[in-house]
Student: 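Got a structure here, written out as structure tokens. Questions coming.
In what follows, chains carry the letters A, B, and so on, assigned in the order in which the sequence lines appear, proteins first and then strands, with residues in each chain numbered from 1. Hydrogens, waters and symmetry mates are skipped; everything else that's a heavy atom, side chains included, is used. None of these values were measured; they are calculated from a predicted model.
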Amino acid sequence: MPEIIIKNATKRFGKFTAVENLNLTIADKGFITLLGPSGCGKTTTLRMISGLESPGEGEIYIDDTLVFSSEKGIDLPPAKRDVGFLFQNYALWPHMTVNQNIAFGLENLKWGKLEIKDRVLELTELLKIDALLDRYPAELSGGQQQRVAIARTLAPRPKVLFMDEPLSNLDAKLRIEMRAELKRLHRETNSTFVYVTHDQLEAMTLSSRICLMKEGLVQQYDAPLNVYNKPFNLFCAEFVGNPTMNFVEVECRELEPEHITLASRDLLFTFTPVTGYPSVSIGQELVLGLRPECLTLQDSGKVQGSVYSALPSGMETTVILKIRNTMLTAVVFGNLDFSTDGEIGLELNHDNYILFDRISEEMIAFGSLKISLNTTS
Amino acid sequence: MNLVHSVKKFFRKPENVILFCLITVLIYLILVPLLSIVEDTFRVHSSELMRIKGTTAGDFTTYHWKNIFAGKYSRNIFYQPLLNTFLVSVVTCTIAIITGGGFAWLVTRTDIRYKKLISSLFILPYIMPSWTLAMAWLNFFKNERVGSPGWFTALTGIETADWFAYGFLPITIVLGLHYAPFAYILIGGILRNMDANLEEAAQILKTGRWRIIRKITLPIVLPAMLSTVLLVFSSAMSAFAVPAFLGAPVRFQVLTTQLFRTLNGMSPGYGYLIALVMIVIGAIILTTNQILVGKRKSFATVTGKSSNISLVNLKKLRTVVSVLVLIWLLFITIVPLLTFAVQSFQVVSGSFKPENFTTLFWLGEGRPDVLSGEPGILRNKYIYIGLWNSLRLSVLVSLLAGTAGLLVGYAVVKKRGSIAANTLDRLSFFPYLLPSMAFGAIYLSMFAVSRGIIPSLYGSFAILVLIGTVKYLPFASRAGINAIFQLGNEIEEAAVIFGVSWWKRMTKIIIPIQKASILSGFLLPFISCMRELSLFILLVTPSTRVLTTMLFQYNEKGWDQYANAIILFIVLVVIVLNGVVNKVTGASIDKGIGG
């Protein structure tokens, strides 16, 4: 079973630590995304597993084979790890035709001529590029190059397929198309995919699990919807989701048996935890996280604000709401528009608002909220 | 156990093996000689025993330092030549920048005609040996001081003045024109790659054409101009042949001619010290350049695309300017070659009477009354030996330097940022700083005796190959670094994933893709070697002499016809080869200049 296990892997470039003490288990036939902002170590992680880069310390197993161990001095070259790698810029060899590009690796693995021919045909048909066999990469469109690169990578039937931001060079429309194809391909090839991206939407839509990283450290390794709904910390909450989650800096005012009173500069909140009563103290600095789609807009609500800006997209409308000096983003589903500077009411009637600690940035509790204007300040 | 592991692991990567080997070899071939030259300035040399009394050869002495910097004759030996060198370099720079930059602007930014022709003609002076123009100048303007008068006097009857025929003025003009292609390529490259939007943005804001040039174009080109200034300055400083040819009749001395006199004469200690001074100046200049180039990279816009630059309309002047430019270019490229051709058929140069023409210098068997009975060029076995030596030397140097340069490029790019890579990068560029003649002098002293496993190389062909390879490694390694850098890592990694061996990755992927720029890394050493004089002049012996050193000897003897014929030979070989390689592979010399 091609399960990938990474134990205590650390990689440094000079003084800069790219990946720190990474522990990760990637299940067989999974579609794992390494997600994070640039410089978070996701590409380095991918390159370490594939063997293009050697970690300084740690162990890596692919399919129960120890492929890297700093202690035992084992470091198998990529070719012996039975992996495929899809590069961001495709890295097609410009002096070879599509056919030669796909066949080159197989020739090197000493496949027979007929076998190679069959395999090239099979893949080019699968990826719908069989009409382009004699073209050179420069004569292909971006999408076609991408498909050739995929075919070349899949050709030797790797057990694991690594992809480094493969869609980032495509235009928006093609990207969505290729996303669907990649997911399909994952099913058809029946292999393990490890995918690097900085695009949270790509990670959400494609993967079976997301590994969210920041500055070389894993922040959360979870199913996409869990990352979305139950972020471990402020970073995860902010990185995933578009429009971004609203964050309101608050201070703990009162602790009562059932609920907690929180105050920001402009607003007062009554927070009723649903996940067990958290240990907070009066005066503690906290952050409230509210997903835009969990803000309900009505003509008149508990609190009145004005429409700072409205961005209708047809399917939904993003409204930026101004209550005194606080700006909140709300998403309203349906074909609606709002007039700028018009008055509007806000209601909070969900129970998945999140309370974070402002110092440790960690999630403390989930709960429902009641909102009112802060009249004391 | 762990150490063995890590050593093994280290050397499993080809780039590490290359780094290790090349650094070791280059330390021996570059750094050790450099230290030995410092040592030589403090030693008594055998030819100096008469003057430094009471010493034996090899003793420690500060005699040279005292006499060069603070002696009775310092002014003549050192300070005046230093000042001359400085002035020559400054004026040369100015001429090179103005003509090169001006041409670059004309070709990239105006609608001048014959752009392709102008471009290739303008590069010619750089491809030709620098003394081509110097000799052409002499052919035209020499006066009675050196025998028969030149064409100008012969045709017009006007005697040229010394200051016009020899010394400072012609040296700076000739060197300026020779290095103008530097400016043309560097500045032209920036102008061509500059994002047109930058100028268009100013245009939209209703900025006038001249104001755009002054406020937008020039500042962006400025770093390239500074780079050019420094490169031309250091090249002009180490030029030998031109000041030797044009300065000798009026005893105009610069550091390099002084170096030749002292090293070849009785006071090598002075020579080594002058060489050291030149190396230090060169090092300062190139360090400055590197800092500036580093800053230039921060002009991120320079890499932008510029598809449709609006060209300046020269209007009515278009044809006039184009034709004038063309005529002028013909005068500095084709006309000199023609004079060489014509003159090699003249018994007395400058005389156009029919009886003055002869094929003696080409086909004659040698008459005792003319030029010591030297047989004609096409029947002269020494010429053939020289040609053969020149060719095989250039081929070997080009193969060795080009291959080493490619390996340097591979290792440096692969290990980018590591200390070892930086060391190799700098080390491989270092020979650029060493004035050719000083470098020759060092090798002369270093390899005169056998050292360790290396036998005495003096008088051998191998020492010429060795010094040529090291001297031209900077060109080749720049080309190599560029080639590999442009390629990007992933193209190679895509093959690593399939387990393709290093050798196969190089031969099947890297070299085929980058063949044009890699080949220019081979071409540049070949051409430079073909026309090199000062590097070899101290090291050749009668059996290993090459065309250029023969030319120098013929010239010193005043046998102009032979000298002219040889120069024609060299120029033709270089131009034909450059043309062929360019046609076949797309590589060209201008890709490698100034990198």
Student: What part of A:Phe85 lies closer than 4.5 angstrom to a heavy atom of chain B: side chain, backbone, both or neither?
Tutor: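 For A:Phe85, backbone and side chain are both near chain B.
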Student: For A:Lys80, which atoms come within 4.5 Å of any heavy atom of chain B: side chain, backbone, both, or neither?
Tutor: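 Looking at A:Lys80, nothing touches chain B.
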Student: Does the side-chain contact (heavy atoms from CB on, under 4.5 Å) test come out yes or no for B:Arg12 and A:Asp75, once each step is laid out?
Tutor: CA-CA 11 Å; B:Arg12 209 163 46 198; A:Asp75 189 4; 3.9 Å; yes
Student: Measuring from atom CZ of A:Arg152 to atom CD1 of B:Ile497, what distance do you get when rounded to the nearest 0.5 angstrom?
Tutor: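 Answer for the CZ-CD1 pair, A:Arg152 versus B:Ile497, is 10.0 Å.
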Student: Sort B:Lys504 into side chain, backbone, both or neither according to what part of it lies under 4.5 angstrom from a heavy atom of chain A.
Tutor: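 Contact with chain A involves the side chain of B:Lys504 alone.
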Student: What pair of heavy atoms forms the shortest contact from B:Ala494 to A:Ala91, and how long is it?
Tutor: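 Taking B:Ala494 first and A:Ala91 second, the nearest heavy atoms are CB-O, 4.0 Å.
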Student: Taking the side chain from A:His95 and the backbone from B:Lys508, do they hold a donor-acceptor pair closer than 3.5 Å?
Tutor: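 Side chain of A:His95 to backbone of B:Lys508: a pair is present.
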Student: Applying ring-ring contact (aromatic ring centres under 6.0 Å, His included), which residue pairs with at least one partner in residues 498-526 of chain B are found, sequence neighbours left out?
Tutor: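 Sorted pair list: B:Tyr410-B:Trp502.
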Student: Where do B:Ile491 and A:Leu92 come nearest, in terms of heavy atoms and distance?
Tutor: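 Closest approach of B:Ile491 to A:Leu92: CD1-O, 3.2 Å.
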Student: Just checking A:Glu215: does its CD atom have more than 12 heavy atoms from other residues, nucleotides or ligands closer to it than 6.0 angstrom?
Tutor: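 Incorrect, the count does not exceed 12.
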Student: Once side-chain contact (heavy atoms from CB on, under 4.5 Å) is applied, do any residues pair with A:Leu174, and if so which ones, sequence neighbours excluded?
Tutor: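 A:Leu174 satisfies side-chain contact (heavy atoms from CB on, under 4.5 Å) with A:Leu170, A:Asp171, A:Glu177 only.
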Student: Looking only at heavy atoms, what is the nearest atom pair of B:Gly499 and A:Ala79, with distance?
Tutor: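 Result for this residue pair: CA-CB, 3.0 Å.
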Student: Has B:Lys115 got more than 12 heavy atoms of other residues, nucleotides or ligands less than 6.0 Å from its NZ?
Tutor: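 Yes, because the 6.0 Å sphere around NZ of B:Lys115 holds more than 12 heavy atoms from other groups.
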Student: Chain B heavy atoms under 4.5 Å from A:Tyr90: which part of the residue, side chain, backbone, both or neither?
Tutor: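 No part of it gets close to chain B.
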Student: Are B:Val500 and A:Phe104 close enough that some pair of their side-chain heavy atoms sits under 4.5 Å apart?
Tutor: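 SC-SC contact between B:Val500 and A:Phe104 confirmed.
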